[in-house]
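What you see is a predicted model, and the numbers here were worked out from it, not measured in a lab. First the proteins, then the strands, lettered A, B, ... as listed; each starts at 1.
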Amino acid sequence: MNKITTIIKREYLSRVKKRSFIVMTILGPILLAALMIGPALIAVMSDTDYEVAIVDDTHMFYDAFSDTRNVKYTHLQTDIDSALELMRNGKFDAVLHIPEIAFQAPSSLRLFSLKSVNFNAKSHMESVLKNEYESLKLTIAGIDPEVLMAVETRININAVRMDKDGLEKTDYPEVSMGLGFVSGLLIYMFIFLFGSQVLRGVLEEKTSRIVEIIVSSVKPFQLMMGKVIGIGLVGLTQFLIWVVLTFAIVGGVRTAFPKLFQFTPTEQVHITASQSLNAEELQRQMETVQMQNTTAGQILEGLQAINFPVMILSFLFYFIGGYLLYAALFAAIGSAVDNEADTQQFMLPVTIPLLFSIVMMQTIIQNPSGPVAFWLSIIPLTSPVIMMIRIPFGVPFIDLAISAVLLVLGFIFTTWLAAKIYRTGILMYGKKIDYAELWKWIKYR
Amino acid sequence: MEYLFRAENISKAYTGHKALTNVSIQVPAGGIFGLLGPNGAGKTTLIRIINQIIAPDEGFLFYGNEKLKPEHVHRIGYLPEERGLYKKMKVGEQAMYLAQLKGVPAHKSKKLLKEWFEKFDLMPWWNKKVEELSKGMAQKVQFIITVLHKPDLLIFDEPFSGFDPINVNLLKQEILKLRDEGATIIFSTHNMGSVEELCDHIALINKSEKILDGNVRDIKKEFSTNIYQLELANLKQPIEQLLDHRFELIRSGAHNGLMTARVKIAAGTNSNELLQLFLPTAHVVSFLELTPSMNDIFIKTVTGKYPQESSEYEISESANDCLAE
């Protein structure tokens with residue numbers, strides 16, 4: 001036992017001290033955090049005030065424009081030429097000209113600016129004018145705009161999932177989907193990444209011929225398990241550092257620049273034709289705000305509905321179980337061949353179940369409780385990835401229990417199998433190995 | 001005799017072929033034991049079994065008076081023939097790691113390693129990576145790792161391959177020193193010169209079976225050919241006429257005015273009697289018994305006959321200088 005700790009320590013430290021590990025461990029979260037912060041940052045950067053002067057020759061739209069977060073409107077009572085002159089002097093970024101014929105010919109509307117036009121400001125003005133035009137036209141046609149508003153209805157079905165006790169909770173399939181997808185992919189990535197590190201490690205020991213020196217001190221099984229566990233711990237370390245650092249960076253940026261993450265409703269919607277706020281109007285405005293909130297709010301609410309302790313525990317369990325299962329097989333491959341080129345014929349059957357899990361992701365996400373999902377999340381070779389996709393959707397305890405027990409049995413079996421191949425393989429040089437040969441090794445006493 | 005290690009009736013079969021058939025060896029304590037045999041005879045398999053790297057199909061192994069147990073690996077030092085180190089790991093760190101696997105705690109191994117590194121002039125490489133070492137230096141590091149935990153039983157598989165003559169000598173001295181300090185050494189090699197120089201006992205394995213073993217001196221006596229070589233000056237009579245039925249002339253020749261003759265003496269005849277035949281008729285310049293070298297014995301035992309034409313110079317290295325062609 002003491003020796004296996006020594007081996008684990010070496011395997012762990014020699015990898016953790018590597019420059020590539022340190023770089024990856026630090027760069028990973030920075031990239032992840034950048035992905036999360038970046039869009040918000042970009043939105044803020046274009047957030048400088050954009051000054052627009054309005055020259056309204058029709059005198060119909062003066063009240064329509066109100067300032068938004070980053071567009072400021074100024075009504076000029078001058079003619080267009082002096083307005084343009086003011087713009088040239090830098091008083092305004094742009095001038096919106098509404099000529100007298102504008103009502104009859106909307107295409108005569110002009111937005112002048114020296115630099116290229118701020119796209120957000122332009123679309124804001126367009127939507128304001130569109131609303132104005134429509135309500136004016138309705139009035140002319142004799143229809144009360146309020147009637148139209150009362151007719152207009154927005155539909156958003158709230159999915160409710162009931163458990164056996166009849167308790168209901170709102171379901172957020174989008175959130176579960178995203179979460180399942182991400183965790184399934186992560187498990188796949190980690191198994192592959194660190195599994196192939198095991199393979200390369202074993203191959204290195206074999207080709208450098210240090211293995212015979214070591215197995216005269218420790219049992220081949222101890223050497224194999226030491227390597228598998230050591231590299232597994234490297235994977236866990238990297239994963240945990242990533243999680244902690246990502247949250248630290250995002251959290252830090254959030255405290256430093258709280259404005260970044262404030263929810264800002266898109267500006268187009270507030271503007272309504274009438275100035276009076278009656279009950280219906282209020283209802284409508286609230287609805288719109290709610291609709292605006294859906295994505296952000298739903299993700300938040302959806303995340304709150306996810307059982308995170310279960311999620312994290314099962315992620316760790318399936319990561320460790322899946323890794324152990326595959327790492328043993330990778331170790332066996334590494335011991336059987338003489339160089340990396342020869343690994344291909346044995347790699348394929350081992351990686352196929354993993355690749356298959358990824359291919360099946362879409363199907364599983366669409367029907368996370370169906371028979372395909374059930375069976376694939378039970379079979380140990382596919383269960384680590386598939387079960388992680390299913391868990392955010394809620395999995396019956398019995399499924400989880402069967403899958404967990406089978407996974408444990410699975411990695412005990414692959415480890416036993418791998419140990420048999422390994423102890424013969426590491427001392428076998430210069431022989432072309434095929435499956436018949438491996439079978440013989442397994443049968444040796 | 002006291003044996004440090006015994007293997008009794010060891011058999012090991014791989015699918016398709018037998019690696020060892022009913023092999024027994026007894027390694028006397030405190031000596032150097034040569035394990036000889038052609039390539040593929042089963043030497044490495046036997047050594048791996050002794051190191052408990054693989055298990056025999058049949059047979060028993062004893063360390064001292066106990067059955068061989070996993071704990072005994074701490075008392076054994078093994079230098080394999082095909083040996084390597086982690087290329088990317090630092091030399092000192094790696095030596096300490098391997099010592100730790102042999103049960104030497106870190107603080108102790110560091111002190112011991114420094115002594116050995118000083119002795120072998122390796123200290124400047126302590127913090128270098130193994131890939132920066134020359135082959136010879138890496139071999140020295142491996143040798144140090146093998147002996148560091150002061151094992152009672154040392155197993156060297158072709159220890160001198162890859163060394164230059166200076167380092168071979170250095171290594172020989174260290175091996176002899178270890179023996180003098182009480183270690184028992186099993187020494188597997190094809191290099192018969194070093195067998196004669198170092199080994200007290202040998203076992204010869206061929207085609208999975210042990211075909212010869214025992215004390216080196218006894219074996220040589222057993223294989224003595226009873227052939228004597230004479231160098232004669234001023235010979236007055238042809239050699240053939242001098243020899244009677246007890247003696248058989250193997251070959252003769254003249255060179256630089258000297259007559260060289262090889263004569264085989266029949267069993268039970270004293271070599272003095274041969275000498276007496278020549279003393280009255282010639283000046284005997286030299287007279288020596290041609291003992292077979294370990295190399296000859298090796299080839300004879302494996303192939304059934306002494307090396308042919310080459311025997312002129314192979315029969316005995318020491319006789320070589322006196323031979324006149």
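Proximity to chain B (any heavy atom under 4.5 Å) is shown, for A/S14, by neither the backbone nor the side chain. For chain B, no part of A/K18 is nearby; none of its heavy atoms comes within less than 4.5 Å. With a threshold of 4.5 angstrom between heavy atoms, B/E131 does not approach chain A through any atom at all. There is no contact between B/H149 and chain A, counting heavy-atom distances below 4.5 Å.
Interatomic distance, CD1 of A/I442 versus CD of A/E437, reported as 11.0 Å (0.5 Å rounding).
For the set B/Q100, B/Q52, B/K88, the entry with the most heavy-atom pairs within less than 4.5 Å of chain A is B/Q100. Per-residue heavy-atom pair counts under 4.5 Å with chain A were compared for B/T44, B/I53, B/V73, B/N51, and the maximum is reached by B/I53. The candidate from A/E204, A/R10, A/R209 with the greatest count of non-hydrogen atom pairs under 4.5 Å with chain B is A/R10. Contact count versus chain B (heavy atoms, under 4.5 Å) is highest, among A/V215, A/I210, A/T207, for A/I210.
Classified by interplanar angle (parallel below 30°, tilted 30° to 60°, perpendicular above 60°), the ring pair A/F239/A/F315 is parallel. Ring pair B/F143/B/F156 is parallel by interplanar angle, where below 30° counts as parallel and above 60° as perpendicular. A perpendicular orientation is assigned to the rings of B/F117 and B/W126, their planes being inclined by more than 60° (bins at 30° and 60°).
Between A/K17 and B/E93, at least one side-chain nitrogen of the basic residue sits less than 4.0 Å from a carboxylate oxygen of the acidic one, meeting the salt-bridge criterion. Remark: A/K9 does not engage A/E11 in a salt bridge, criterion side-chain N to carboxylate O under 4.0 Å.
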